[in-house]
Amino acid sequence: MNFAQIILPLNLKGTFTYKIPSDFKDKIEVGMRVLVSFRGKKIYTGIVFQFHDEEPEGFLPKDIISLLDDAAIMPQSQLQFWQWLSEYYLCNLGEIYRFSFPASLKLESETYLKLKPYVSVAFENLDVHEMHLIHALEVRQLINVTEIEAFIPKKEIVKTIKSLIDLQYIEIDEKIAETYKAKEVAYLRLKNPAEIRASLPEILLSLKRSPRQQELLLSILEHETEFAGIPLKKSQFLDQGNFGTAPLKTLISKNWVEEYFMQKDRIELYDGETESREQLTPEQQTATKEIETAFGQNQNVLLHGVTSSGKTHVYLEIIEQTVSAGRTVLFLLPEISLTKQIVQRLEKKYGRQLGFYHQKLSDFERVEVWRKVRNGEIKVLVGTRNALFLPYSDLGLIVVDEEHDSAYKPREVSPFFNARDAALMLANFYGGRAILGSATPSVESYFLALKNKIAHVKLRHRFGNVNLPVVQIINFKEAQDSKKSVGNFSLGVIDEIKKQIDRHKQTMILHNRRGYSNVIECESCGYVNYCSNCDVVMTFHKFSNEMKCHYCGQKAAKPKACPRCNSANLNLRGVGVEQIHEEISRLLPDAEVDRMDVDSMRKKFAYEKLYEKIEEGETDVLVGTQMISKGLDFENIELVAIPKADSLLYVQDFRAEERAYQLITQVSGRAGRVSGEGKVMIQTYNPEHPVFKLIAEHDSTEVYTHLLAERQKFHYPPFVKLIMIEIKHRREDKADRCSQFLGSVLRKYLPEECILGPEKSPIAKLNLLYQYQIWLKLPRKNYAEYKSLVMKSLDEVEDIPAYKSVKKLIFVDF
DNA sequence: AGCACGCCGACT
DNA sequence: GTCGGCGTGCTC
């Protein structure tokens with residue numbers, strides 16, 4: 001055990017070899033954080049990955065400078081998970097490390113040093129640099145590594161620090177411990193409640209000349225009676241009762257009331273009534289039993305329940321079982337905005353044992369959750385995909401809610417992994433189980449269930465045996481031909497919306513295209529307005545009166561005349577959600593019509609405000625993009641209309657039909673949740689399209705049979721394994737040549753039928769980078785072999801210096 | 001990744 | 001004559 005392989009927070013292949021100094025040998029553990037120097041002067045926090053005794057060839061390993069933890073900060077199972085991720089998704093361990101660790105747990109040259117307390121320094125034994133550093137530390141308590149460069153030559157820095165640490169004169173300042181202090185919050189309570197209650201009349205009498213004090217005391221008493229056991233937050237209490245601090249101070253000095261402090265919990269404690277466990281319906285009970293059985297047979301579960309069937313109730317039941325068995329639960333959601341409802345319910349039950357983790361937390365908050373997970377304080381963790389990387393010690397259950405959601409595998413941030421599949425693996429490494437839940441499972445998950453790789457548990461009925469909405473397909477061609485249409489709507493849909501408004505019911509209209517119109521075209525010369533960064537037409541947004549590129553975010557003024565031929569005849573083509581909104585507002589002038597899309601929700605609290613407005617029933621019609629399909633569970637929505645349903649299918653993506661099915665079904669699920677009188681109207685030029693027909697029949701089995709047949713016919717997942725490689729460079733010829741070269745190398749090793757491309761990406765230029773794609777369809781059998789040939793090909797391209805600067809992004813299971 | 005090194009154009 | 005552009009190479 002002379003050497004350690006260390007993971008560094010850099011996007012570099014593999015791990016790095018360091019020597020373990022003899023005095024660390026009995027303390028160092030796999031999963032510990034260590035301080036090492038890399039590239040001479042830079043210092044990094046690394047993770048111990050492995051130990052070994054093989055003397056490396058070709059370089060002299062450096063020593064590990066110091067250990068940052070007393071015990072492993074990363075559990076073994078997590079490290080196994082990292083290793084799997086990096087092998088499966090062809091990404092570097094360093095990338096995973098960077099992505100998954102809060103910044104303050106992986107300090108680099110920003111790491112601070114300090115003198116050890118109560119040491120006497122034998123200056124006569126120090127060299128000049130060591131002396132400088134000690135003197136500097138005597139003047140200022142903390143110095144970071146970069147600052148030391150000012151007075152010690154770069155080459156000598158690490159040596160100096162290391163020698164002083166060895167001499168026990170200085171130590172690494174655990175900034176995390178220092179800067180991270182949970183905030184303390186003041187609470188109020190009666191000092192001696194029993195006594196006060198007993199002699200209340202006398203006390204009140206004694207306070208008769210101080211009405212504010214009287215009021216305050218009674219108020220606290222009332223709270224303690226009504227919400228026994230729930231802490232009373234001082235600031236909130238004073239604000240609500242409009243009390244000043246003066247009467248409170250007097251009460252405290254009179255020893256009636258006391259102020260006490262508790263660590264602030266980022267999740268506010270639920271202070272409403274605690275709800276008793278809801279009774280499961282017979283169907284939910286059966287589902288729970290089926291899940292237990294599957295778990296007993298070491299099987300994971302696909303919980304396939306129609307919208308409003310109460311999947312959450314089943315989750316809660318299994319979560320409770322897991323927690324009472326003493327194990328931890330991870331509840332994954334595709335995005336934070338959907339957490340509201342589930343958190344409210346879990347809060348009541350688990351209080352402080354509930355944690356919350358997502359991209360929008362500050363670093364401090366992340367570290368807090370990290371520690372609580374590590375030391376077992378948190379038993380139930382609700383989070384988005386990055387919550388997979390918390391240091392769980394005993395993960396018994398992972399729930400992946402809305403498992404079909406594409407937010408589980410964003411294309412924008414590396415490492416590119418699918419959180420749903422990763423969750424299955426993570427559960428596996430911990431010896432835990434996973435539930436994938438959805439009303440519209442992904443074709444891949446459905447296939448797993450079909451092949452009995454995971455158990456298929458179904459909930460076929462809506463909660464309370466409420467009927468599923470009636471789906472009506474409207475042949476829009478016919479409506480137009482028979483003059484029964486106005487603009488983008490058939491008269492039937494308009495009439496139905498009016499009918500709903502008369503009944504004081506609400507309507508949702510789905511149109512999944514942002515902006516007002518997606519092309520502005522010159523009538524005389526055919527000019528269209530392209531984004532200067534991307535090979536994409538700019539979309540006109542009437543509301544903000546500007547042109548926007550939906551890919552890079554660039555904005556431009558709307559041209560008044562054609563920039564090429566100066567003609568003023570500019571045509572608007574393509575219908576966006578703003579236009580649908582405008583149209584409905586015009587057709588129904590007395591109705592309250594609102595719009596919900598990323599553009600209108602950008603302002604702070606815009607979402608909350610609109611949410612409330614809908615909840616209060618002030619909104620009659622809500623027009624929106626796919627955003628309206630998530631998290632809007634209102635009782636009063638009875639009608640869902642999709643005026644241009646075909647646009648959902650005309651996307652060049654082999655998952656277009658699956659997505660269309662999921663989106664339509666999800667948004668339909670908003671209609672008639674309680675009444676059972678929901679109605680869905682789909683306008684299309686292809687009324688015979690199987691996806692629309694099967695949605696109308698509510699026959700999900702047939703939908704998946706259809707989707708799977710298509711996938712099999714055209715050789716797409718789950719029948720093959722798909723890897724997409726995207727090659728990007730700011731010079732088109734270079735990206736082109738590099739992709740051609742990679743293509744030829746791949747063809748050297750792989751059969752021709754496995755390789756498609758290289759071709760220009762559907763968006764040939766994005767953010768000033770030209771991009772080309774190569775699609776690999778690899779057989780499931782011997783996949784590992786094929787994949788290693790892909791890796792070999794990539795390595796060969798990597799060896800060409802001219803292509804080093806070309807970015808190569810690899811999407812596995814794209 | 002990120003940083004130093006090294007080779008060619010536009011400037012005081 | 002120099003400053004600085006980014007192509008290239010290397011890091012345990």
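Every chain is numbered from 1, with letters handed out A, B, ... down the list of sequences.
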Engineer: What's A:Ser805 touching, base or sugar-phosphate or nothing? Going by heavy atoms closer than 4.0 Å.
Structural biologist: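 No contact.
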
Engineer: Can you measure A:Ile65 atom CD1 to C:dC12 atom P for me and round it to whole angstrom units?
Structural biologist: 11 Å

Engineer: List in chain and number order the residues that pass ring-ring contact (aromatic ring centres under 6.0 Å, His included) with A:Phe429, two or more places apart in sequence or in another chain; answer none if no residue qualifies.
Structural biologist: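 With sequence neighbours excluded, A:Phe429 shows a ring-ring contact (aromatic ring centres under 6.0 Å, His included) to no residue whatsoever.
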
Engineer: Closest approach to the side chain of A:Phe16, judged atom by atom: which nucleotide of C:dC12, B:dA1, C:dT8 is it?
Structural biologist: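 Within the option list, the nearest is C:dC12.
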
Engineer: Could you tell me how the ring of A:Trp84 sits relative to the ring of A:Tyr88: parallel (under 30°), tilted (30 to 60°) or perpendicular (over 60°)?
Structural biologist: parallel

Engineer: If you check the A:Phe59 side chain, which of B:dA1, C:dC12, C:dT8 turns out closest?
Structural biologist: C:dC12

Engineer: Quickly work out the A:Leu10 CG to C:dC10 P distance and round it to whole Å.
Structural biologist: 17 Å

Engineer: Select base, sugar-phosphate, or nothing to describe what A:Pro61 touches, counting heavy atoms under 4.0 Å on all strands.
Structural biologist: sugar-phosphate

Engineer: Give, for atom SG of A:Cys91 and atom CG of A:Asn11, the distance between the pair rounded to the nearest 0.5 Å.
Structural biologist: 8.5 Å

Engineer: Any carboxylate oxygen within less than 4.0 angstrom of a Lys/Arg side-chain nitrogen, looking at A:Arg655 and A:Glu444?
Structural biologist: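 Judged by the 4.0 Å cut-off on N to carboxylate O distance, A:Arg655 and A:Glu444 do form a salt bridge.
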
Engineer: Once you apply a heavy-atom cut-off of 4.0 Å, does A:Arg730 come out as touching a base, just sugar-phosphate, or nothing?
Structural biologist: sugar-phosphate

Engineer: With a 4.0 Å cut-off on heavy atoms, is A:Lys62 in touch with a base, just the backbone sugar-phosphate, or nothing at all?
Structural biologist: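 Here A:Lys62 touches the backbone only, sparing every base.
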
Engineer: Measure the distance from NZ on A:Lys13 to P on B:dG2 and round it to the nearest whole Å.
Structural biologist: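 Computing the A:Lys13:NZ to B:dG2:P distance gives 20 Å.
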
Engineer: What integer distance in Å separates A:Gln50:CD from C:dC12:C1'?
Structural biologist: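 A:Gln50 atom CD is separated from C:dC12 atom C1' by 14 Å.
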
